[in-house]
Amino acid sequence: MDTVYTVISNFIALVPVTLAQSLILSFIVLGIMLPFRMLNFPDLTSEGAFPLGGCVCALSLAGGAPGWLAILAAMAAGFLAGSCTAFVHLRFRIHTLLAGILMMTMLYSINLRLMGKSNLSVYGTPTIFDGVPFAEPGFPVSKIVVAGLLGLAVYCLLNLYFRTERGTAMRAVGSNPDMAEAQGISIWAATIGGVGLAGAFSATSGALMVQSQGFADVNMGIGTLINGLAALMIGEAIVGKQTLRRQLAAPFVGAIVYYQLVSLCLAAGMPPTDLKLATGLFVLAMLALPTLKRARGPMPARETIRE
Amino acid sequence: MLEIRSARKVFYRGQPDEKIALNDLSLTLPTGNFAIVIGSNGAGKSSMLNAISGALMLDSGKILINGDDVTSMPVHKRASRVARVFQDPMKGTAASMTVAENMLLAELRGKKLGFSRGLNAKRLASYRERLSALNLGLENRLETRVELLSGGQRQSLSLIMATCDQPDLLLLDEHTAALDPRTADIVMQATVRAVEAFNLTTLMVTHNMQHAVDFGHSVVMLDAGRTRLEIIGAEKAEVTIPKLIGHFGLKTDRMLLAS
Ligand SMILES: Nc1ncnc2c1ncn2[C@@H]1O[C@H](COP(=O)(O)OP(=O)(O)OP(=O)(O)O)[C@@H](O)[C@H]1O
Ligand SMILES: [Mg+2]
């Protein structure tokens with residue numbers, strides 16, 4: 001009984017910190033979901049765009065820029081990275097996953113070059129989390145408020161955007177590129193814009209993380225992709241993806257639930273080194289579920305993705 | 001007005017399996033003309049339609065729509081002039097989007113897109129009205145995702161989408177071939193109604209000789225990538241199935257079955 005009690009109290013003590021963390025990381029989950037679900041473009045750029053955002057943010061902060069400006073700079077860099085991946089896919093007809101791997105690999109060197117070293121501390125510079133009234137800076141509350149409000153704003157904006165004429169057109173490119181093109185929609189513009197936007201969100205996540213933890217590290221992206229995917233799967237399992245509203249809410253809900261689950265596992269004594277195996281198995285299970293469910297029926301059509 | 005001037009397209013040029021899809025094909029289709037395109041499998045009918053829509057870039061030759069040279073325009077730039085219904089019902093609609101959203105995409109075809117709300121009340125009402133003309137109950141399923149519709153319903157929707165804003169040119173590639181006879185009939189009736197109502201300049205590919213006899217102002221027969229025969233005017237009015245089939249060098253089973 002005693003151990004259960006310690007596990008639970010350890011877990012509860014970490015809930016606010018984990019919540020702050022998960023809200024910050026929900027942007028990278030959004031950056032994974034957008035190309036994957038809206039454009040049918042499975043994209044791996046986020047693992048490189050996340051540290052890119054972090055590095056650009058750290059450099060801006062070190063150069064004296066205010067927190068919000070550092071985030072905007074990170075977003076611009078992330079957008080560029082995402083649109084490069086899309087361009088590589090469109091222009092050279094390279095598979096989306098391969099294009100993402102290429103971009104992610106090259107971004108590692110770029111990040112190192114940008115910072116000049118593998119680690120840059122920006123501890124003590126003013127951040128976007130400072131301005132919250134009644135919350136002592138540096139505490140999870142201010143991070144929860146700022147990241148949460150930012151997430152809510154992004155959610156509402158995307159919800160509006162994907163219902164506009166342009167947003168509908170972008171979704172059509174993901175749903176049926178040939179049909180979209182025949183309706184006069186430029187596949188290039190929609191793909192570059194959409195994947196770029198996703199890169200911008202991944203970079204935002206990295207930038208917020210740097211402001212939250214006070215340093216940037218070129219290795220901070222490692223594992224973010226699989227975590228993000230797992231979070232997305234959980235989110236979609238909870239809120240579903242039948243409507244636009246649900247599909248857009250899935251990354252946020254998923255991120256919040258997933259990181260609490262991870263925290264619970266760690267509190268229960270799971271060695272942190274096993275985390276990747278557990279996450280990988282979980283994502284595999286979620287992806288395999290539809291085929292297992294229909295094991296007795298006819299084989300479902302393989303999910304088609306753009307090549 | 002559509003003009004194709006000695007269009008040429010060769011696949012796998014210089015390789016042992018070289019295929020000449022379009023062999024200096026020329027064709028003129030006056031405005032308001034409804035032409036039926038026939039020809040045996042591999043004659044180049046789909047290639048011709050792909051070349052017109054921009055999905056296939058020509059090796060040489062020219063394509064003009066209403067006098068404008070569109071030869072080097074990509075598909076999405078030609079979309080404001082050309083609308084198309086494919087043989088495969090899956091191809092002409094966005095499956096994971098709703099009926100209303102698909103109608104919206106069709107309405108916006110070739111227009112400048114903005115940041116205003118796509119589906120507003122006015123548009124929804126007009127879609128309901130247009131779809132009710134089909135008598136398939138689609139007007140009550142505006143919020144249904146298209147993947148949940150039957151092939152015939154999807155094809156009917158594609159047709160309504162293609163004809164909704166009166167394109168300069170309508171391309172139909174065996175658009176009833178994948179449907180059961182009754183649904184094929186419904187879609188064909190809707191096609192004729194739309195084409196006649198708006199006087200659309202239309203190219204319709206079919207293997208159904210009855211359709212070739214019953215509909216259209218002219219019949220164009222393709223063979224090995226060129227026009228082999230054009231039947232127009234009074235001659236078209238008198239044409240019969242045996243006469244048409246007689247023009248095929250090689251009578252495929254499919255054609256005999258279809259007629
Ligand atoms: N993408 C392609 N790659 C290689 N060859 C092609 C391609 N598309 C068409 N062809 C060739 O071009 C020729 C004409 O094909 P097309 O599809 O235009 O015929 P069709 O008249 O539409 O026939 P069907 O009645 O069977 O639909 C054929 O020999 C075909 O093999
Ligand atoms: Mg064909």
Side-chain angles (χ1 to χ4, degrees), chain A residues 33-41 90-91 156-194 197 236 240-248 250 290 300-306, chain B residues 49-50 52-55 73-86 88-98 100-120 123 143-148 154 157-158 161-162 164-165 167 170-171 173:
Chain A
M33 185 281 279
L34 279 182
F36 191 30
R37 294 299 189 206
M38 295 295 176
L39 287 167
N40 213 354
F41 185 117
L90 292 165
R91 176 64 185 81
C156 293
L157 281 177
L158 285 180
N159 225 318
L160 286 176
Y161 172 69
F162 280 114
R163 286 169 210 280
T164 63
E165 295 176 355
R166 275 172 184 247
T168 311
M170 188 181 277
R171 282 190 292 140
V173 170
S175 182
N176 184 346
D178 290 335
M179 178 267 193
E181 204 174 18
Q183 308 303 333
I185 300 163
S186 161
I187 303 221
W188 275 62
T191 308
I192 288 181
L197 191 66
E236 289 181 347
K241 49 180 180 178
Q242 297 86 356
T243 63
L244 189 59
R245 234 179 238 116
R246 287 166 186 268
Q247 180 67 76
L248 286 173
R302 209 161 56 91
E303 211 168 322
T304 50
I305 48 179
R306 288 162 72 178
Chain B
L49 261 54
N50 285 336
I52 297 169
S53 77
M73 262 189 208
V75 177
H76 69 274
K77 291 255 169 69
R78 295 190 202 189
S80 58
R81 308 154 185 267
V82 183
R84 190 163 190 201
V85 183
F86 299 91
D88 182 356
M90 305 300 161
K91 261 187 141 174
T93 46
S96 61
M97 300 175 77
T98 65
E101 285 168 340
N102 273 275
M103 291 289 290
L104 173 66
L105 291 168
E107 184 183 335
L108 296 175
R109 175 173 50 237
K111 303 211 172 71
K112 181 117 187 59
L113 303 183
F115 285 105
S116 59
R117 194 179 171 84
L119 288 172
N120 51 35
R123 279 184 171 148
E143 294 306 314
T144 308
R145 290 210 306 279
V146 170
E147 61 200 348
L148 302 175
R154 280 181 84 157
L157 176 62
S158 305
M161 286 165 58
C164 73
D165 66 343
L170 176 64
L171 305 177
D173 193 355

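The sequence lines fix the lettering, A, B, ..., with proteins before strands; numbering per chain opens at 1. All values below were derived from every heavy atom in this structure, side-chain atoms included, with hydrogens, water molecules and symmetry-related copies excluded. Here the structure is a predicted model, which is why all the values come from computation and not from measurement.
- Proximity to chain A is absent for every atom of B/S53, based on heavy atoms less than 4.5 angstrom apart.
- For the pair A/R166 and A/Y161, the cation does not sit on the ring face, since its NZ or CZ is not both under 6.0 Å from the ring centre and inside 45° of the axis.
- Note that CZ of A/F41 is 6.5 Å distant from CG of A/L90, once rounded to the nearest 0.5 Å.
- Each of B/L104, B/V82, B/T93 has some count of heavy-atom pairs under 4.5 Å with chain A, and the biggest count is that of B/T93.
- Counting heavy atoms from C-beta on, the side chains of B/R145 and A/Q242 come closer than 4.5 Å.
- Contact of B/L105 with chain A is made through backbone and side chain together, with heavy-atom distances under 4.5 Å.
- Both the backbone and the side chain of B/R117 come within contact range of chain A, with heavy atoms under 4.5 Å apart.
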* Start with the C-alpha distance between B/N102 and A/Q183, add both sets of side-chain angles, then the distance that settles side chain to side chain contact (heavy atoms under 4.5 Å, CB included), and finish with yes or no. => CA-CA 10 Å; B/N102 273 275; A/Q183 308 303 333; over 6 Å; no
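- Within the 4.5 angstrom heavy-atom criterion, no atom of B/R81 approaches chain A.
- Heavy atoms of B/M90 lying under 4.5 Å from chain A belong exclusively to its backbone.
- Across B/G114, B/G118, B/G110, the residue that shares the most heavy-atom pairs under 4.5 angstrom with chain A is B/G114.
- Within the 4.5 Å cutoff, the side chain of B/L157 has heavy atoms near those of the B/M103 side chain.
- Contact annotation for B/T98: neither backbone nor side-chain heavy atoms come within less than 4.5 Å of a heavy atom of chain A.
- Counting heavy atoms from C-beta on, the side chains of B/K111 and A/E165 never come closer than 4.5 Å.
- For chain A, the nearby parts of B/S96 are the backbone and the side chain; heavy atoms of each come within less than 4.5 Å.
- Here the side chains of A/L248 and A/R37 are not in contact, with every heavy-atom distance at 4.5 Å or above.
- Annotation: maximal heavy-atom pairing with chain A below 4.5 Å, among B/R78, B/R123, B/M161, occurs at B/R123.
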